[in-house]
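Only one structure is covered here, and it is reproduced in the block below.
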Amino acid sequence: MLTLTCPCCNIACDETELHPGGQAHVSRAGPDSGDDAFEQYLFLRKNPRGVHFERWRHAMGCGKWFHAARCTVTLEVFGTYSAQTLEPPQDILDAIAARRPDWQGFA
Ligand SMILES: [Zn+2]
């Protein structure tokens, strides 16, 4: 079972209390973007086997969105953090690099 700690209310909750929101850190296509950029924004998402950054909502708790870094194979959670960030905090990136030396990094 996947257990994530909501960074807003600091409660460890299992996946039945959460609602998944897909890939985190997706940049919205601007008004001057071309069709390829708009297609990327609307439809194309990463689906890695390994480290993934995701959006989650604490649906049965505070109701707020947050981000989580976890491994899709082992369900190991590297950390959760505010959804109001443009990229993962450095301490989470360091934790991932320490446990997954072959990880290619956040891009
Ligand atoms: Zn919460």
Side-chain angles (χ1 to χ4, degrees):
M1 170 144 328
L2 178 64
T3 302
L4 298 174
T5 300
C6 174
C8 304
C9 58
N10 277 330
I11 293 176
C13 26
D14 67 49
E15 60 191 278
T16 61
E17 300 176 55
L18 303 167
H19 183 80
Q23 180 183 326
H25 307 292
V26 174
S27 297
R28 187 179 182 108
D32 296 329
S33 300
D35 289 345
D36 289 343
F38 202 65
E39 178 189 25
Q40 176 79 27
Y41 166 68
L42 281 181
F43 303 113
L44 303 179
R45 297 291 182 265
K46 295 176 181 173
N47 188 22
R49 184 179 190 275
V51 177
H52 195 219
F53 297 90
E54 302 170 321
R55 300 178 71 227
W56 288 89
R57 182 172 171 262
H58 193 185
M60 299 298 172
C62 66
K64 295 187 176 163
W65 287 95
F66 62 94
H67 290 171
R70 70 176 181 101
C71 177
T72 58
V73 177
T74 63
L75 299 187
E76 178 182 8
V77 177
F78 302 106
T80 58
Y81 53 99
S82 169
Q84 279 71 46
T85 58
L86 296 177
E87 59 185 47
Q90 190 60 46
D91 62 321
I92 290 179
L93 295 175
D94 292 344
I96 296 169
R99 288 183 238 169
R100 298 285 194 281
D102 59 333
W103 182 56
Q104 300 298 312
F106 177 75

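The first residue of the sequence shown is numbered 1, and numbering continues consecutively from there. For ligands, and for the atoms within them, numbers begin at 1 and follow the listed sequence.
With hydrogens and angles disregarded, no donor-acceptor distance shorter than 3.5 Å links the side chain of His58 to the backbone of Cys6. For Glu54 (side chain) and His52 (main-chain N/O), no donor-acceptor pair under 3.5 Å exists by modelled atom type.
Take the N/O/S atoms of His58: the one nearest the Zn ion (ligand 1) is ND1.
In this pair, Trp103 and Phe53 present their aromatic rings tilted. The plane angle is within the 30 to 60° band.
The distance from the Zn ion (ligand 1) to the nearest N/O/S atom of Cys9 is under 2.8 Å. The Zn ion (ligand 1) does not have Cys13 among its coordinating residues (no N/O/S atom, backbone or side chain, under 2.8 Å).
With no hydrogens or angles considered, no side-chain donor-acceptor pair links Gln40 and Asp36 at under 3.5 Å.
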